[in-house]
Amino acid sequence: MRILQLHSNYIEYKPIQKEIAIAEETDKETKRLEEVVVLFTAVEEGDDETVAHKAVDEVKAFLEKLKVNRILIYPYAHLSSNLAKPSEALKVVKAMEAHAKAQGIETHRAPFGWNKQFTISIKGHPLAEQSRIILPTKAKKEAEKVSEALKAEEKLVSYWYILQPDGKMVPVEEFNFKGHENLEKFAKYEISKVRASQQMPPHVPLMKRLEIADYEAGSDPGNIRWYPKGRLIKSLIEQYVTAKVVEYGAMEVETPVMYDFNHPSLADYINRFPARQYVLKSEDRELFLRFAACFGQFLMVHDTQFSYRHMPLRVYELTRYSFRREKSGEVVGLRRLRAFTMPDCHAFCTDLEQAKKEFITRFKLCIQVLEGIGLTKDDYEAAFRFTKDFYEENKDFIKSLAEIFGKPVLVEMWSEPFFYFRLKWDFNFVDNQDKAAALSTDQIDVENAKRYEITYIDEKGERRYPLILHCSPSGAVERCIYALLEKAYKQQQKGEPPTLPLWLSPTQVRLIPMSEKFLEHCEKMAETLEANQIRVDIDERPLTIQKRIREAEMEWIPYIIVVGEKELESEALPVRDRKARKIRKMTLKELMDEIKSQVQDKPFRPLPLPKHLSKRPQFYG
RNA sequence: GCCUCGGUAGCUCAGCCUGGUAGAGCAACGGCCUUGUAAGCCGUAGGUCGCGGGAUCGAAGCCCGCCCGAGGCUCCA
């Protein structure tokens, strides 16, 4: 809303003719007001009652200064190029009038929708002429864009159970959680939303101190800056997940990050997905940033020729980025971001039988992927979510999933379908604040093929709609890193040294020469290690050994070797092994074999920083 | 988004209540030390006290608004 506020000796105005259909009724008499503050007001798109109140409140504060208590609200479109619809504008203007009257201000209002003639005399004092811009509080503006799914979710009724590996389903309040403390925390988090956090999430100081990632104040909250070490870790996980999904049989593609809000299939889908979007304007279009890879892939497959012979048809994209405009109070560290990297893999299946089979393949794939990243079943809990109907018809199938998982699973059952899927599972990491965050997930989608007009040709030559499985095999990559850091912190709380998996450690081996004399020997060792695809660096700074050891330990470096006189003479190196918490005598060859055996099936990238510590900048602290 | 708390040197923080010359440790930089497995010593430099406004002779400090972060609420594919 824009207001031109004029402290006037008098104003005279006269309605001449109606400009729009919804113009208010009025007589065409000349009106005159004296000693009045005139508010020429333009109502803009997105303005609402709250804005009207805010505007009046601001004006009121001003009136008190001027010691005036008479206003004229004068609708005046020419102040803005982004006007609200007349019907909305009239509502807002009326809200201003009502609120001003309620505040005890003598309030007059010129009719809305008329072409008017006016004469005004403005007082000359410094405060007589002012302009104001009142913006809607963000909440209100967003409320207009909240999807139907979000609204539906508010009304959603869930029934909670624990599904045991043997297939028995027990109401959650009857389940004995002994030995399943993590599941208990997860269930509480999901159901009662109770949590007892006194501290800030430990991964946040860790991600900063380890120079992995940090907040970027120059962006929107939840958009993260990645330092070289973090970029390496993230990149390795990205490569790993992609390799596993390709191995499973998916075709990797790339699709746009932004889409037309008014595209018919998309607009409809957005309303079935419980998330908020970033919206941006470009020329006359309203675009939104994707929150998953579904759009691009569906639009692509819509144009694809395929039959039952090609199915299940598997399409994959690593979205860098997916955007979700989470509530600001929810965005935290690497747990919940507004821009994140998510592998998203869809499988188009002929029928429920094929979908179920594929679902099981992917379920196993996800367990494997997380394991590779460094998260075992002990680190996360599973939730299965489905409609009652689906469960009744597919009991054995759901039981078989629980059996594969091998641990009790939290079940959320809905009496009616609210979303576009009928069955969904997710793996959830429970962190040091007892909060849960979903990692891998898969869903059976029964709606979107129709919505996007995706069809395949069946054995009889007829067009049919496939079922679509949506899977993120690892969940957001940032969230995996969050889970690894939180897990490391848990280790530390138990008195163990915190570690990252060896294949993700930015430095795998650090060499510390006793003095310059031994630098050359270190260089040779480093060359050998590098030739074997091991990330090695050399701390040749003129600091004490103790200090350099300490810093290497604080960086969580898995292997540290001090090189001095003895190492020139002997093959046996004193390797400080972080995990074993001791110095192990071994040859370089033995060390290399040990490392290779641990990282063999994982991708490799070279050291992301200068090899020599003396050449290395400090990104944080 | 709401409520509460916080934002002071690159980092961690003191100073704020009770207004009057901006502090420490770590890091950086310069030097000494030449080191055998988690902090050696001395020195130098480093600050729009988050941003904007207000009251005051005078603001890091008091008042108001905004931005960012944290905890809680809410929400969570």
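A note on names: the letters A, B, ... follow the listed sequences, proteins ahead of strands, and every chain is numbered from 1. Atoms considered below: every heavy atom in the structure, side chains included; atoms not considered: hydrogens, waters and symmetry mates. In this text the structure is predicted, and so the values were computed from the model without any measurement.
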Would you please indicate yes or no on a ring centroid separation below 6.0 angstrom for A/Phe363 and A/Phe427? yes
Expressed as a whole number of Å, how far does the P atom of B/rA24 sit from that of B/rG46?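 13 Å, rounded to whole Å.
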Please report, rounded to the nearest Å, how far the [atom2] atom of [N] is from the [atom1] atom of [X].
| X | N | atom1 | atom2 | result |
| --- | --- | --- | --- | --- |
| A/Gln618 | B/rA9 | CD | C1' | 13 Å |
| A/Ile545 | B/rG40 | CD1 | P | 11 Å |
| A/Arg550 | B/rG36 | CZ | C1' | 18 Å |
| A/Ile549 | B/rU35 | CD1 | P | 16 Å |
| A/Phe186 | B/rC76 | CZ | P | 13 Å |
| A/Glu412 | B/rC75 | CD | P | 13 Å |
| A/Leu334 | B/rA70 | CG | P | 11 Å |
| A/Arg385 | B/rC76 | CZ | P | 10 Å |

With sugar-phosphate meaning primed atoms plus P, OP1 and OP2, does A/Gly333 contact a base, only sugar-phosphate, or nothing at under 4.0 Å between heavy atoms?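 Touches sugar-phosphate only.
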Please state whether the phosphate of [N], meaning OP1 or OP2, lies under 4.0 angstrom from any side-chain nitrogen or oxygen of [X].
| X | N | result |
| --- | --- | --- |
| A/Lys327 | B/rG72 | no |
| A/Arg576 | B/rA38 | yes |
| A/Gln546 | B/rA39 | yes |
| A/Ser515 | B/rU35 | no |
| A/Tyr189 | B/rC76 | no |
| A/Lys435 | B/rG72 | yes |

Between B/rG1, B/rG71, B/rG40, which one does the side chain of A/Ser328 approach most closely?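 Ranking B/rG1, B/rG71, B/rG40 by closest atom to the A/Ser328 side chain puts B/rG1 first.
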Test for a donor-acceptor pair under 3.5 Å between the base of B/rG36 and the side chain of A/Glu567, counting only N and O atoms. yes
Can you tell me whether the side chain of A/Glu330 and the base of B/rU74 have a donor-acceptor pair closer than 3.5 Å? yes
When you measure from the centre of the six-membered ring of A/Phe429, is the NZ or CZ of A/Lys490 under 6.0 Å away and within 45° of the axis?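 Satisfied, under 6.0 Å and within 45°.
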So, A/Tyr489 versus A/Asp431: side-chain donor-acceptor pair below 3.5 Å or not?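 Note: A/Tyr489 and A/Asp431 side chains miss the donor-acceptor criterion.
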